Amino acid sequence: MLSKSKFTTGQERRTHPLLWCAAIICTILTIAVIIAGIVTFVGYLVIHPRVPYVSVIDAHLDQMQFDYAGILEIQVTIVIRAQNGNGKAHASFSRSGYTLSFNGEDVARLVAPPFEVSKNSSVNFNYVVQSSPIPLDPEQSEDVDMALKRDLITFDLKGSARVRWRVGRLGSTSFLCRLACQLRFHPLNGTYIPSRCTSKAK
Ligand SMILES: *[C@@H]1O[C@H](CO)[C@@H](O)[C@H](O)[C@H]1NC(C)=O
Ligand SMILES: *[C@@H]1O[C@H](CO)[C@@H](O)[C@H](O)[C@H]1NC(C)=O
């Protein structure tokens, strides 16, 4: 009798690990399903619809005046393309703002109102900006003199645009397209020297 009761208890003890196993397998399956869902969602975001981006596709230094008092005035045209490679969703660009600077001195600010880029297309923005007269310190003036002699001037363009983008019925996602690049011109004829300037990663 004593041994039988012991046997029963033993049987119960042997059943418990099986139940634990079932519970663990269930948990693992649940986690796997959740992870598969997350991976699918992230994959949809990252790979399937190509991420919108902005890039400088052309520019021109329309005018550049530099006088002996060290006052610099420029007018520049910069064409920035907003590209939406996604064939399934519109992209809304907002808070587009870029700053053009020379040697750390802000020269001009480029802003655009919010705009939409439809599926699988792009929008070009022609920013024509006229700087206010910028007084340069002697060192910066020397740099401009040098640039004119070498017929090569470099500006920095920095800024970003916020992109909002619908993802099916799941809602929308938004992120920043950041630009940070150097724009080079021949100041004598205003020609832009093309270089890579895009917010696209890689
Ligand atoms: C997107 O546009 C390109 C050409 O601009 C075309 O070849 C491609 O098939 C289009 N893709 C979709 C999904 O519409
Ligand atoms: C502007 O000047 C540069 C340097 O002299 C030259 O390479 C370029 O072809 C010129 N561009 C035009 C449109 O004349």
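Here the structure is a predicted model, which is why all the values come from computation and not from measurement. Atoms within each ligand, like the ligands themselves, are counted from 1 in listed order.
Ranking the protein heavy atoms by distance from atom 7 (O) of ligand 2 puts His186 NE2, 4.2 Å first. Here the protein heavy atom with the shortest distance to atom 13 (C) of ligand 2 is Thr191 OG1, 3.7 Å.
By the criterion of a heavy-atom distance under 4.0 Å, the side chain of Asp151, and not its backbone, is placed next to ligand 2.
Using the six-membered ring where Trp is involved, Phe115 and Phe93 have ring planes that are parallel, under 30° apart on the 30 and 60° scheme.
Side-chain contact of Ser174 with Arg162: a donor-acceptor pair under 3.5 Å is present, judged by distance alone. Using modelled atom types, one finds a donor on one side chain and an acceptor on the other under 3.5 Å when comparing Thr77 with Asp62.
Shown in contact with Asn189 at under 4.0 Å from a heavy atom are these atoms of ligand 2, numbered in order with element: 1 (C), 2 (O), 3 (C), 8 (C), 10 (C), 11 (N), 12 (C), 14 (O).
In this structure, atom 5 (O) of ligand 2 has protein heavy atoms in its sub-4.0 angstrom surroundings.
Looking only at distances, a side-chain donor or acceptor of Ser131 sits under 3.5 Å from a matching main-chain atom of Ile74.
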Run the side-chain contact (heavy atoms from CB on, under 4.5 Å) test on Leu136 and Asp143 for me, step by step, so that the C-alpha distance in whole Å, both residues' side-chain angles and the decisive distance to 0.1 Å come before the verdict.
CA-CA 10 Å; Leu136 298 181; Asp143 289 337; over 6 Å; no
